[in-house]
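Letters A, B, ... mirror the listed sequences (proteins, then strands); counts begin at 1.
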Protein chains: 2
Amino acid sequence: MVVTVTKKALAGALSLVERIIPSRSASPGLSLVRVDVRDDRLTLSGSSMEVDIETTVAGVDARGGEGSFAMPAHVFAQVVRAAPDQAIELKFDKQLAVKSGSFKTNIQLTDPNQAPRVEFPEEYGARVGAQALATSIASVRYAAATADFQAIFRGLALEQRNGKARLVATDGYRLAFTEFEGDLGLEKSVVALAKSTDELVRVIGDYDGEVDFTVTGTGRLSVRGERFRMNLGLMDGQFPDYERVIPSVFPLKARVKAKELVAALNRVSLLADSSANKRVDLLVKDGELVLTAEGPMGRSQETLAVIQEGTDSEMTLAFNASYLTDALSPLDEAVLQFSGPGTPAVFRPADEGEYLAMVVPLRTH
Amino acid sequence: MVVTVTKKALAGALSLVERIIPSRSASPGLSLVRVDVRDDRLTLSGSSMEVDIETTVAGVDARGGEGSFAMPAHVFAQVVRAAPDQAIELKFDKQLAVKSGSFKTNIQLTDPNQAPRVEFPEEYGARVGAQALATSIASVRYAAATADFQAIFRGLALEQRNGKARLVATDGYRLAFTEFEGDLGLEKSVVALAKSTDELVRVIGDYDGEVDFTVTGTGRLSVRGERFRMNLGLMDGQFPDYERVIPSVFPLKARVKAKELVAALNRVSLLADSSANKRVDLLVKDGELVLTAEGPMGRSQETLAVIQEGTDSEMTLAFNASYLTDALSPLDEAVLQFSGPGTPAVFRPADEGEYLAMVVPLRTH
């Protein structure tokens with residue numbers, strides 16, 4: 001069977017699949033890409049166990065019937081990327097013969113049943129904007145935990161609240177949520193591994209229009225676009241009752257340009273002690289925010305003008321500098337809302353947008 | 001003492017010194033940069049033991065006398081790069097107070113005698129073009145060995161031959177030399193650690209004009225430019241008598257565009273077995289060069305047209321693909337000169353330029 005395809009289309013499709021497929025795995029089948037040729041359609045699929053992906057290659061000319069094949073994903077992708085011509089001919093026989101110009105490669109084929117079997121639902125319950133979903137995931141995802149033992153804290157919760165789609169992440173020391181206009185069709189909250197949602201963002205991040213969205217009976221989150229389908233494994237366990245811990249009374253607020261504050265934090269924290277949580281002290285007083293950090297090499301300080309309001313005339317707090325820069329990163333004009341020197345601070349957009357970040361301060365004594 | 005300086009000038013000077021200075025070292029003094037303030041001149045110096053460097057900062061306004069100081073090089077460089085304003089004020093007291101806009105940092109100072117003492121010759125015996133020296137080092141340096149036990153093979157030899165400066169590197173499996181018009185003032189060959197010459201290339205690579213060059217009585221190679229001085233440690237031991245092993249009779253030659261051959265080698269070697277020296281087979285026959293590589297994943301082949309000459313009508317050889325691409329990288333139009341299937345091949349520019357690369361083929365049986 002001979003299939004002709006452009007390098008651009010095949011390399012593009014392979015790049016989506018290749019990143020999911022582990023380059024080395026204890027289970028050798030997992031490093032395979034499955035290729036299905038049917039009715040002039042070339043479909044590539046693979047899995048990391050946590051994420052399944054399938055993508056269809058555009059502009060394929062297939063002659064000589066249909067078939068299913070499997071081969072090492074990374075070698076196939078490297079050969080396609082290296083092709084000297086835009087035209088690529090794939091000849092499937094006992095081996096796969098790849099031909100482009102005078103460059104010819106034979107790649108060993110494997111029984112397609114050795115490759116992971118990926119299955120996708122036929123019915124999708126909801127449709128949402130790809131950009132809104134990708135941007136929302138990307139803006140809260142930092143707050144998820146990375147350590148294995150933190151279980152459900154490594155997840156990103158998706159839920160439907162008052163007609164809006166809400167995404168939440170927390171590692172117990174900080175929390176972020178955001179909402180967007182859309183219906184995920186969810187009756188209750190589901191939690192996907194935050195690391196898996198990164199792969200979803202990568203695939204739909206430059207996708208125009210809408211994607212289909214559903215939670216399957218086998219406990220997977222499935223997303224479908226025009227040329228791809230993806231499953232993300234869902235996590236068991238109860239996502240923390242996060243709303244309970246968000247303070248609502250703020251005796252001091254400060255309004256500031258988030259990018260200027262992030263730049264100042266990056267400067268000041270150079271001298272912060274990385275063995276002491278990269279601590280930066282904040283003093284809000286007289287319409288100024290003074291940042292100070294100290295470590296074995298010395299001490300840094302920077303002062304920013306802020307618009308201060310509230311019943312308290314001043315407050316001193318300490319934070320992990322990285323937690324602050326993460327929390328501020330999706331913001332433009334930000335309102336820093338302080339509930340007290342030892343209780344969580346809340347950062348929100350000045351324009352009442354649907355983003356909230358909460359950070360627990362460091363103990364100062 | 002207060003010194004004002006532009007961020008650009010200070011950051012530029014620090015970036016030269018910072019790369020030499022190890023960020024961690026068993027000897028804590030080695031991670032320090034020494035700063036000398038004299039007569040409106042700010043001089044930075046540091047050492048990695050193998051390479052010493054000193055650089056002068058331009059456009060300095062120094063008031064209040066002179067002094068010598070030392071501080072952790074990487075912290076100082078990070079703080080300077082982070083400065084929000086172009087104007088930087090350095091106030092040397094018990095600590096160094098760095099001020100730029102509303103950003104203020106105090107960095108701990110150390111006794112300047114804790115920093116390495118770097119000394120440079122007063123007299124330099126020769127002057128050579130900075131570009132010619134940098135380009136020549138960069139074009140042969142790949143042929144030096146990297147493994148510690150290979151001693152003198154990790155060096156780059158500099159010598160004076162027939163009125164030209166010659167640079168040579170070899171790891172025993174391949175060799176490269178190049179020459180340029182210039183007088184290094186060397187009576188006999190000297191060998192610098194190839195890794196140290198990389199630092200010299202980095203410093204003089206975008207330097208116009210000439211640099212002073214000399215070998216000191218204490219066995220160091222010293223190079224001086226307008227704003228910097230550098231010492232490179234020289235290696236003991238005899239550099240191999242390399243000219244003896246370069247073949248001079250070539251029953252087959254092939255002329256080819258080096259960049260096209262490198263591109264084809266990169267493609268074909270994707271399938272090469274990395275546990276078998278990344279072997280690529282070359283067959284020269286009927287005005288064609290056929291490249292073939294094979295490994296556990298499959299087999300690749302590509303054919304290039306060449307201008308073939310010589311007494312032999314065909315030849316088959318095997319090489320480590322990386323050795324070939326390294327050897328060809330400084331070439332444009334290349335002549336591949338084959339002495340036989342089991343003896344070294346020599347690659348030269350078609351235009352009789354002063355570059356020669358020799359590669360020992362792999363055993364084919």
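- Your options are A:L109, A:I107, A:N266, A:N106, and the one with the most heavy-atom pairs under 4.5 Å with chain B is A:N106.
- Around the NZ atom of B:K8, the shell of radius 6.0 Å holds no more than 12 heavy atoms that belong to other residues, nucleotides or ligands.
- When the shell of 6.0 Å around CE of B:M1 is examined, it contains more than 12 heavy atoms from other residues, nucleotides or ligands.
- Residue-environment remark: NZ (A:K285) stays at or below the threshold of 12 foreign heavy atoms within 6.0 Å.
- Within 6.0 Å of NZ on B:K104 lie no more than 12 heavy atoms contributed by other residues, nucleotides or ligands.
- Residues of residues 89-100 of chain B never come within less than 4.5 angstrom of chain A, heavy atom to heavy atom.
- Listed in order of number, the residues of residues 292-301 of chain B that approach chain A to under 4.5 Å between heavy atoms are B:P296, B:M297, B:G298, B:R299, B:S300, B:Q301.
- Here the side chain of B:T303 pairs no donor or acceptor atom with the backbone of A:S102 at under 3.5 angstrom.
- With chain A as the partner, the residue from B:L270, B:V268, B:L304 showing the most heavy-atom pairs under 4.5 Å is B:L270.
- Contacts between B:L271 and chain A at a heavy-atom distance below 4.5 Å involve the side chain alone, from C-beta outward.
- Listed in order of number, the residues of residues 315-325 of chain A that approach chain B to under 4.5 Å between heavy atoms amount to none.
- At a heavy-atom separation below 4.5 angstrom, chain A is approached by B:V75, B:Q78, B:V79, B:A82 within residues 73-82 of chain B.
- Counting non-hydrogen atoms of other residues, nucleotides and ligands closer than 6.0 Å to CG of A:D111 gives a total above 12.
- Ranked by heavy-atom pairs shorter than 4.5 Å toward chain A, the options B:Q108, B:M71, B:R267 are led by B:R267.
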